[in-house]
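Data block below; observations after.
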Amino acid sequence: MVEFDEETFLSLYGDKIRAFIKDCLSTNLIKNNIFEFDIEAFLRTYPEACEVNDVIIEYPRKVEDVLNYLFRDVYVELFGEDKEIEKIQIAFKNPIGCEKKIEDISSSDINKLVKFEGIIAKAGKVCALLKKACYVCPKCGNIRYITIHNYFELPKIKCNNENCGSDMVLDLEESSYINIQELEIQQPIDLMKNPDDPPRSIKVFLENSEGIYSGRVDVVGTVMKKRTRPNLPVFEIYVKSNYIKLNESYQKIEVRDILNNPDLIEILNELGKKKGIIDILSQYLIPQIKGYEIVKKAIFLQQIKGCMKFLPDGTPLRRDSHILLITDPGIGKSTMLRRIARLFPQNAYASVTTATGGGLTANVVRESTEIGDGWVVKPGVFVRANEGTACIDELTVDKNVMKYILEAMESQTIHVNKGGINVKLPAKCAVLAACNPKRGRFDPNMGVIEQIDIPAPLLSRFDLIFPLKDKPDRSKDAEIAEHILNTHIETATKEFKILGELDIDGIKVDERILKNYIIYARTCAYFEENHTLYLGEVDEKKLKTPYLTDKAKKIIKDYYINMRKLGEGDNPIPITARQLEAIIRLSEMHAKARLSRKVEEEDAKAAISIIEECLKQIAYDPETGTFDIDKVAGTPKSKMQKMDVILDIIKELSALNDNNLAAEDEIIEKAQEYGISEIECEDLLEKLKKNGEIFSPRFGYYRIT
Ligand SMILES: Nc1ncnc2c1ncn2[C@@H]1O[C@H](COP(=O)(O)OP(=O)(O)OP(=O)(O)O)[C@@H](O)[C@H]1O
């Protein structure tokens, strides 16, 4: 159809569209005053009317007016006259052949229908939009309802009564309004031609919005233009939409692709049976980095995620393990984080040196918007990583940032309430964070908390903390040098061995198989019982997942009790219930990672060995020769004892002086008799002062508080 001609269109397709609308209206209800005209369904019913799809894409506004008229006919025929009809909108759904990437939407698409996918980068408040304007003729009283298509220019309407033709007046009271929300939708990195380019975004005005503030969405809408300045023929492009759908969770989409591919399922099931499959795949997960086998295994299990479990009241239990890497400079932490961030679309990367607390979680800020009062929600990396992994580099957290992150890591939701916007955003993501020690290199003799800028409450949210030290070691250095040189040779010659695909007993494993294996294990799609759920309506509460066998439970329980025994009497506490929960999560991940229906002994042992590896590096107190969990986020027992010694010295010395003060040099001298060095004594004095147990009324002198 070169030009749209209403009569031709009605004569060709009017009856078919009427019948289709009638059938839809008699089978399903209209929600939110939106009648969704499903183009794909219409073409299935009337394949000979395939041109309708093209006409709608080419002339969406004109066809919308025609469909409004036809809809009204059918509605009155079925349900009789009803004032509510004025509020009902036509939305186009499932158009065929107008899918675009945001970066490809251009001026050639103006007034046409487009469909695109994107992530909500900004979301304004829901406001009221004049949608069906009621115009009254001041001369003859004639009334006309006009659908407003262009928000930025209200049409001037003439009276269409014969011999009148007067200018009609807008009656705001009798006009009908709909919800509207201004969004900025950003092109997802995985859809970018070049992922390193800055992501493109587009402004979308969502009509009949119920209020959507985060997530990845499919949008169908008409490309409109808005003049940027009154005297310049320059226009800004935006999309007017009344059909936006939150993308189904990735798990469901990706699992469906797997379940519809029996050959792939066979390969994945075969892989699950291979001995040591977890170690093999976890080393293959980050091929460009040599070494750190335990860390890579923990990161691999983190990608598998624990079991989806819910309390009877529906509260979900956290299944994500958060991991913190404290690394000496230059050992590859950023490389690891970026690699994981690119693994899946729902994984996201941010470096705290550039992001703020709100940038990590969510911000409500005031920005120039076309509608509303300017307050917009900007979802941060934790929200963008919902159902995935938030890879946070250079993590340093001050008290202000901490309050944002703590809720996100524990309850996995982010509550924003500012500028009249009060929403809860989903942030069900695992956190893979990395930072450098404050003093440049990790000191095993010092507590973790003293070496990094992360407050104790946040530090205790990490299931696993790995200090990665860069210690010169001839054989390891040779291996790493060989590895780095080979990776550079491979990337230059394009002959990949280290970075290429794996061969596991004849099964070729490449990036695609690795990703599918992780999704297959993560979603427990290897349980046949779950197939119908994933191919239909997924109810996560009904999914079958592995569970702890008695033997596994016994191993974990015995380990926990034996470790706690070490803390009896005056000994330091080696582990707490947080570590117990971390072991349970890790053992579930390990069972899923080998496609097992149960959490068995080997899974419990593997989980314990990972936790032990961590505790050895961060909670082992060489002075007492025991594990002390307070060495991580608090003050280790040995240090506590030395602090008591310093307090006693201050008490003793200040009692000897009239001014009731103890001089620092005397404290240091006395402390050396107890084997406390000068540097350590100064450090302990600082800590006691910070704790408020002592204070210094004069420089160089102390008193007990
Ligand atoms: N064990 C390793 N195996 C292979 N490559 C490595 C290894 N360690 C470091 N590299 C290489 O050294 C370079 C530095 O890595 P990266 O930038 O990730 O270090 P970093 O830990 O982030 O440094 P910083 O802490 O200073 O930011 C990268 O090109 C990385 O590939």
Side-chain angles (χ1 to χ4, degrees), residues 189 195-196 279-300 302-303 322-343 347-355 359-360 381 389-397 401 431-444 446 448 450-454 459 462 464-502 511 514 610 613-614 617-618:
I189 287 186
D196 293 325
D279 292 319
I280 297 167
L281 293 184
S282 49
Q283 295 322 305
Y284 184 60
L285 181 66
I286 312 174
Q288 58 271 55
I289 295 294
K290 179 80 176 165
Y292 311 115
E293 283 71 16
I294 285 272
V295 175
K296 289 180 183 173
K297 184 171 181 176
I299 294 175
F300 178 74
Q302 182 188 49
Q303 293 305 303
H322 302 315
I323 298 176
L324 174 63
L325 308 179
I326 306 172
T327 74
D328 291 351
I331 65 135
K333 69 166 169 43
S334 303
T335 306
M336 287 191 217
L337 264 60
R338 289 183 184 280
R339 161 61 183 156
I340 297 302
R342 283 193 164 152
L343 201 59
N347 289 1
Y349 174 89
S351 166
V352 175
T353 42
T354 53
L360 286 178
V381 74
T389 305
C391 301
I392 314 290
D393 207 349
E394 318 295 346
L395 181 64
T396 50
V397 174
V401 170
V431 175
L432 174 58
C435 65
N436 293 126
K438 275 189 287 195
R439 296 183 179 168
R441 294 193 178 278
F442 188 80
D443 176 352
M446 285 177 69
V448 172
E450 300 166 284
Q451 304 187 61
I452 56 177
D453 283 331
I454 299 176
L459 206 56
F462 286 96
L464 299 168
I465 299 174
F466 290 106
L468 303 184
K469 299 184 271 304
D470 179 19
K471 281 196 296 198
D473 171 302
R474 191 170 179 73
S475 62
K476 271 195 187 156
D477 292 346
E479 276 174 22
I480 290 178
E482 176 73 13
H483 186 90
I484 293 175
L485 288 163
N486 288 338
T487 47
H488 280 269
I489 293 166
E490 289 188 12
T491 42
T493 59
K494 312 277 184 288
E495 290 161 22
F496 296 119
K497 293 192 190 74
I498 304 171
L499 302 173
E501 61 184 30
L502 281 184
E511 178 93 345
L514 173 72
I610 292 174
E613 185 57 32
C614 258
Q617 297 191 43
I618 57 167

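Remember, it's 1-based here, ligands and their atoms both numbered in the order they're listed.
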### Message
Please list the nearest protein heavy atom to atom 23 (O) of ligand 1 with its residue and the distance rounded to 0.1 Å.
### Response
G330 N, 3.0 Å

### Task
Measure the NZ-NZ distance between K471 and K476 for me, rounded to the nearest 0.5 Å.
7.5 Å

### Task
Identify, for atom 19 (O) of ligand 1, the protein heavy atom at the shortest distance, and state residue, atom and that distance.
G332 N, 3.1 Å

### Query
Between I331 and ligand 1, does any nitrogen or oxygen pair lie at a separation below 3.5 Å?
yes

### Message
Which residue is it: E495, K497, Q288? I am looking for the one with a side chain to side chain contact (heavy atoms under 4.5 Å, CB included) to E490.
### Response
K497

### For P329, the ligand 1 atoms whose distance to one of its heavy atoms is below 4.0 Å
25 (O), 26 (O)

### Query
Among protein heavy atoms, which lies nearest atom 17 (O) of ligand 1, and at what distance?
S334 CB, 4.1 Å

### Query
Does the N or O separation between Y292 and ligand 1 drop below 3.5 Å for any pair?
no

### Summary
Between the OG1 atom in T335 and the CD1 atom in I286, the distance rounded to the nearest 0.5 Å is 9.5 Å

### Query
Can you list the atoms of ligand 1 that are under 4.0 Å from a heavy atom of T335?
15 (O), 16 (P), 18 (O), 28 (C), 30 (C), 31 (O)

### Query
Is there a heavy atom of E394 sitting under 4.0 angstrom from any atom of ligand 1?
yes

### Working for side chain to side chain contact (heavy atoms under 4.5 Å, CB included), residues L432 and M336
CA-CA 10 Å; L432 174 58; M336 287 191 217; 5.8 Å; no

### Query
Sub-3.5 Å donor-acceptor pair from the side chain of D477 to the main-chain atoms of P472, do we have one?
no

## Note on the structure
CD1 of I299 to OH of Y292, rounded to nearest 0.5 Å, is 11.5 Å

### Task
Please work out whether any backbone atom (N, CA, C, O) or any side-chain heavy atom from C-beta onward of I484 is under 4.0 Å from ligand 1, and answer side chain, backbone, both or neither.
side chain

### Query
Can you check whether L395 reaches V431 side chain to side chain, under 4.5 Å on heavy atoms?
no

### Message
Can you tell me which portion of N436 lies within the under-4.0 Å heavy-atom range of ligand 1? Options are side chain, backbone, both, or neither.
### Response
side chain

### Message
I'd like to check E293 versus S282 (side-chain heavy atoms, cut-off strictly below 4.5 Å). Are they in contact?
### Response
no

### Query
Among protein heavy atoms, which sits nearest to atom 3 (N) of ligand 1, and what does the distance come to when rounded to 0.1 Å?
K290 N, 2.9 Å

### Query
Counting heavy atoms only, which part of I480 comes closer than 4.0 Å to ligand 1: side chain, backbone, both or neither?
side chain

### Summary
Distance col, row I489:CD1 vs E482:CD, nearest 0.5 angstrom, shows 7.5 Å

### Summary
atom 27 (O) of ligand 1 has as its nearest protein heavy atom K333 NZ, 3.2 Å

### Query
For atom 4 (C) of ligand 1, which protein heavy atom lies nearest, and how many Å away is it?
Q288 O, 3.1 Å

